[in-house]
Amino acid sequence: MSLVTLLPFIVLIGAMFLMTRSAKKKQQQAANMRNDMQPGSGVRTIGGMYATVKEVGDDTVLLDAGPGVELLFAKNAIGAVLTDDEYNRIVHGVEHDLKSDSDVVPDDASSLTDPAETDESADEAAAASDEKSVDLGKDLGKKDTAEEPAAEPADAPTEAAEAKSDDEPKKTDGDTDAK
């Protein structure tokens, strides 16, 4: 067999090896995270419940989900061990005071621009709108409203109605030439 024939198989085996290696690495990290749990740590279960670790056994974890609520979970059911700050932020809504050192980002973008720049850009926009106004309520296909004929009587069909009636199939009494 030639090397060209074996190359796809070698690439496939190499890809499978790399994928299984990364999966094993992730499983090992998850197992280490679960084994490093200590009582008092905040955790999130794979079902999305947040609780505090009360006791850690060999294969089980006793969680305190609230006042008087203790739940026994398998260690494999723990999805993530959270830091104290992250647990307090999620469960109790307490923000850590690290944000006081950084700049505060406003909710609207208007305060991010220089007021002098916004006045100038507003003046430019007003001048541009005065130069060329567009009436969006009118049909843009018509060039000038002065050239339009006077209003037709209500009895006369309009061009749009005639075009629509041409597109619709005619109703018959059922007599057709189709076989």
Distance, nearest 0.5 Å, that separates CG of N88 from OG1 of T83: 8.5 Å
Rounded distance [0.5 Å steps], CG in D85 versus CD1 in I90: 11.0 Å
S22 side chain to M19 backbone, donor-acceptor under 3.5 Å: yes
Derivation and outcome, side chain to side chain contact (heavy atoms under 4.5 Å, CB included), residues Q38 and V81: CA-CA 10 Å; Q38 301 295 324; V81 177; over 6 Å; no
Validation row: Y50, L82 side chains within 4.5 angstrom (heavy atoms): yes
Validation row: F73, T45 side chains within 4.5 angstrom (heavy atoms): yes
Heavy-atom closest contact (A65 atom, A51 atom, distance): CA-CB, 4.1 Å
Heavy-atom side-chain proximity of L63 to V53 below 4.5 angstrom: yes
Heavy-atom check, side chain of V43 versus side chain of M37, under 4.5 Å: yes
Side chain to side chain donor-acceptor pair (under 3.5 Å) assessment of S41 paired with Y87: CA-CA 9 Å; S41 300; Y87 180 78; over 6 Å; no
Atom pair CD1 (I13) and CG (L6), whose distance is rounded to the nearest 0.5 Å: 9.5 Å
Donor-acceptor contact present, side-chain R34 to main-chain I78, <3.5 Å: yes
same_hphob_cluster(V61, V69) at 4.5 Å side-chain heavy-atom cutoff: yes
Joint cluster assignment, M49 & V56, ILVMFWY side-chain distance < 4.5 Å: yes
Nearest-0.5 Å distance that lies between atom NZ in K25 and atom CD in Q27: 13.5 Å
Sequence neighbours excluded, every pair satisfying salt bridge (Lys or Arg N to Asp or Glu O under 4.0 Å) that has a member inside residues 51-79: K54-E70
